[in-house]
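Chain naming here is simple, since letters A, B, ... match the order of the sequence lines and numbering starts at 1 in each. Computed from a prediction, not measured in an experiment: that's the story for all the values here.
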Amino acid sequence: MSCLLGLVPCPIINYLCSLMSKRVRVRFAPSPTGGLHLGGVRTVLYNYLFAKKYNGDFLVRVEDTDQSRYVAGAEKYIFDTLKWCGLEPDESVEHGGEYGPYRQSERKAGYRPYAEQLIKDGHAYYAFDTPEELEKMRQAPIVNGVKTEQNHSHQYDHTVRLKMRNSLTLPTEETNALLAAGTKHVIRIKMPENETASFTDMIRGEVSFDTSLVDDKVLLKADGMPTYHLAVVVDDYLMKISHAFRGEEWLPSAPVHILLWKYLFGLEHMPQWAHFPLILGPTGKLSKRDGSKYGFPVFAMNWNDPNTNELTEGFKEKGFLPEAFINLLALLGWNDGTEQEIFTKEELIEKFSMERVHSAGAKFDYEKAKWFNHEWLKKFDVPDLRFEVKRLLKQNGITVSDNVLFDNVIEAVKDRCVLLPDFVQQSSFFFKAPETLDIEAVKPKWNDDKKNFFIAYMEKLASATEWNVLALENSFKELATGKGIKPGELQLPFRIMLVGGKFGPPVFKIAELLGVKETIARIQTAINLFG
RNA sequence: GGCCCGUUCGUCUAAGGGUUAGGACACCACCCUUUCACGGUGGUGAUACGAGUUCGAAUCUCGUACGGGCUACCA
């Protein structure tokens, strides 16, 4: 890592130089094991924003090398999520590109040579230990043969590797014989002793590790698949990744990756790294369980686990707009330094900067998330909402035939909706007379005077020459005053007649949109009902 | 247990040695509105603790406490 002159060890200059000297290429590497949760989507988002900001490439490759956890359908789900969020990759399984294949399982054969090279160079070794032997090793150092809370696991590291069955302890001939016989084995990295592995995190600054304290991670599994550690380094190199961003949970494995870069390709080719803070739930790291427990989604879209047949609700189905979703996610751990909170995707791309991402974890607040959606609903114009609202109404058995009315209704109603499904309650009554009226809200104060008022009002409406909010309101108040009733006392009954309940836009606005015929019909129906 | 990361209102955060520690969500009050909202005005509310450096510390250093992550042939 050096800047152009190679003299000034300044991270910022190095960083700027790296931006100038190579094309920005970032990647997201999901494992197809389930739904994409908030943290996952935010990782995608920050990767995407960074790539787009510097006119770079955003690549998605799939980590499907753990077959025991592979879930059919999860890969498609992940790409569907990216599509919904508007964060589509430039290169991926689905989008093609010149660095494929983009599934690790399809790259399987390519990883072993790198692991073998490490062995040749003395940085890795074959290990033949069986699961039972490993278990025995982990039990061994425990005092009095008892596992305790304080001392429960033991690493496969420099303190024990010379007591295990591997190519460091076995004679060369025996190792070769075992390999020739096709004995199950893994390849482990040989972590050096007393070295410091360090790097400059774009968010946290310098982070360093004592290599003596890191274990000899498996690089190549017995089935020939690479572990994440080998795969991420090899693929990032081959795919020319310039910046690698991932969650904070990866920070402890950084020394392994740093060493692999050093041994395999040279540290000067290692991407710039940043580790994002975790997104926390009410009681700790946000988990799938938090969703059902506290009643908010944790996945971007509905995830139906084919193994358990368990459905986890998503933000999409809950009624969030994708624009609001990425907005709220972007602000969970980043801000642009001003007081602006509502950002379009284009603004986020323009203003995003990795240096302003927080280093501390952020607790997810569902109330604030809903506020973002509300703001976006208000910000949206009617045409932006037609499709979704129509779909929701249809789902609830309401067919819209009058498109002019439909637009007017959306306009009248959208500011009072927080989530998309709120449109159903707020607008159904415009297209379909309420099936039940909240009689209890009217009955106690209902009397003949009021009844007569509405009978007279119907007549007045029937002959009205003007049909708009102002005219309706004026004639209503005139008539009420003339009959010696306070107009205010009549507004609630009028609302119940038209809407069925105590909600919706201003009552005269509703009457205006409903039109003369429907308004009179509803008053008549209600009068009959109230008696 | 070991290693790593972190710590400003209940929550998300601003403040890069000098501010009455600012904003947003939530909450409360009032205004608007005789529905519910939107909107407007105001209010309650924070630098984890202890040392040190400094004329001056939320800010720099150290320690303590607390929280989180990792410690798999999972990613």
Return the nearest nucleotide to the side chain of Glu249(A); candidates are U35(B), U7(B), C70(B).
C70(B)
Given A24(B), C70(B), C5(B), the nucleotide with the shortest approach to the side chain of Trp371(A)
A24(B)
Can you measure Gln340(A) atom CD to U13(B) atom P for me and round it to whole angstrom units?
17 Å
Looking at the side chain of Pro506(A), which of U35(B), A75(B), C25(B) is the nearest nucleotide?
U35(B)
State the pairing partner of G16(B); accept Watson-Crick or G-U wobble contacts with both distances under 3.5 Å, and report none otherwise.
none
Residue Lys363(A), side-chain heavy atoms: nucleotide from U11(B), C73(B), C4(B) that is nearest
U11(B)
Assign His374(A) to base, sugar-phosphate, or nothing according to its heavy-atom contacts below 4.0 angstrom with the strands shown.
sugar-phosphate
Base, sugar-phosphate, or nothing for Phe209(A), non-hydrogen atoms under 4.0 angstrom?
sugar-phosphate
Examine C73(B): is either OP1 or OP2 under 4.0 Å from a nitrogen or oxygen in the side chain of His185(A)? Give yes or no.
no
Report yes if a donor N or O on one partner sits less than 3.5 Å from an acceptor N or O on the other, where the partners are the side chain of Lys368(A) and the base of A26(B); otherwise report no.
no
Lys108(A)/Glu106(A) ion pair, N-O < 4.0 Å
no
Yes or no on side-chain hydrogen bond (donor to acceptor under 3.5 Å, both in side chains) for Gln426(A) and Lys414(A), after CA distance, side-chain angles and deciding distance?
CA-CA 9 Å; Gln426(A) 289 290 334; Lys414(A) 73 187 183 75; over 6 Å; no
For Val214(A), answer base if it contacts any base atom (sugar-phosphate contacts may also be present), sugar-phosphate if it contacts only those atoms, and nothing otherwise; contact means non-hydrogen atoms under 4.0 Å.
nothing
Using a 4.0 Å heavy-atom cut-off across all strands, classify Lys486(A) as base, sugar-phosphate, or nothing.
base
Answer for the Watson-Crick or wobble partner of C3(B), both distances under 3.5 Å, is G69(B)
Does Lys221(A) put a side-chain nitrogen or oxygen below 4.0 Å from OP1 or OP2 of A75(B)?
yes
Using a heavy-atom cut-off of 4.0 Å across all strands, would you classify Pro30(A) as base, sugar-phosphate, or nothing?
nothing
Counting only side-chain nitrogens and oxygens, does Arg69(A) get under 4.0 Å of the OP1 or OP2 atom of A75(B)?
no
After noting the C-alpha distance and the side-chain angles of Asp290(A) and Tyr366(A), does the key distance pass the side-chain hydrogen bond (donor to acceptor under 3.5 Å, both in side chains) rule?
CA-CA 11 Å; Asp290(A) 287 335; Tyr366(A) 189 49; over 6 Å; no
From the list G6(B), G68(B), C5(B), which nucleotide is the closest neighbour of the side chain of Ala360(A)?
G6(B)
Measuring from the side chain of Thr65(A) (C-beta onward, heavy atoms only), which nucleotide among G6(B), U35(B), A75(B) has the closest atom?
A75(B)
Rounded P spacing from C9(B) to G22(B) in Å
14 Å
From C-beta outward on Thr227(A), which listed nucleotide comes closest to its side chain: C74(B), C38(B), G68(B)?
C74(B)
Between Tyr111(A) and Glu116(A), is a side-chain hydrogen bond (donor to acceptor under 3.5 Å, both in side chains) present by the stated rule, with each step listed?
CA-CA 9 Å; Tyr111(A) 299 106; Glu116(A) 302 275 4; over 6 Å; no
Name the nucleic acid region contacted by Val218(A), choosing base, sugar-phosphate or nothing; use a 4.0 angstrom heavy-atom cut-off, strictly under.
sugar-phosphate
For the residue pair Phe494(A) and Tyr457(A), does the interplanar ring angle fall in the parallel (under 30°), tilted (30 to 60°) or perpendicular (over 60°) class?
perpendicular
Under 4.0 Å from OP1 or OP2 of A14(B): is there any side-chain N or O of Asn335(A) that close?
yes
Ignoring backbone atoms, establish whether Lys414(A) has a side-chain N or O less than 4.0 Å from OP1 or OP2 of A37(B).
no
Interatomic distance, Lys378(A) NZ vs A24(B) C1' [rounded to whole Å]
13 Å
Touch class at under 4.0 angstrom, heavy-atom based, for Gly333(A) against every strand present
sugar-phosphate
P gap between G39(B) and A24(B), integer Å
12 Å
Could you check whether Leu490(A) gets within reach of a base, just the sugar-phosphate, or nothing at all, counting any heavy atom under 4.0 Å?
nothing
Which of the following nucleotides, G6(B), C73(B), A15(B), is nearest to the side chain of Arg356(A)?
A15(B)
Round to a whole Å and report the spacing from CE of Met497(A) to P of U35(B).
17 Å
Mind checking Asp64(A) for me? I need base, sugar-phosphate or nothing, with any heavy atom below 4.0 Å counting as a touch.
nothing
Nearest-angstrom distance, P atom, U8(B) to C31(B)
37 Å
Residue Ala362(A), side-chain heavy atoms: nucleotide from C12(B), A14(B), C25(B) that is nearest:
C12(B)
Per Gln491(A) side chain, nearest of listed nucleotides C3(B), U34(B), C5(B)
U34(B)
Checking understanding here: a glycosidic angle within 90° of 0 is syn, the rest anti, so what is C38(B)?
syn
With both distances kept under 3.5 Å, what pairs with C25(B), Watson-Crick or G-U wobble?
G10(B)
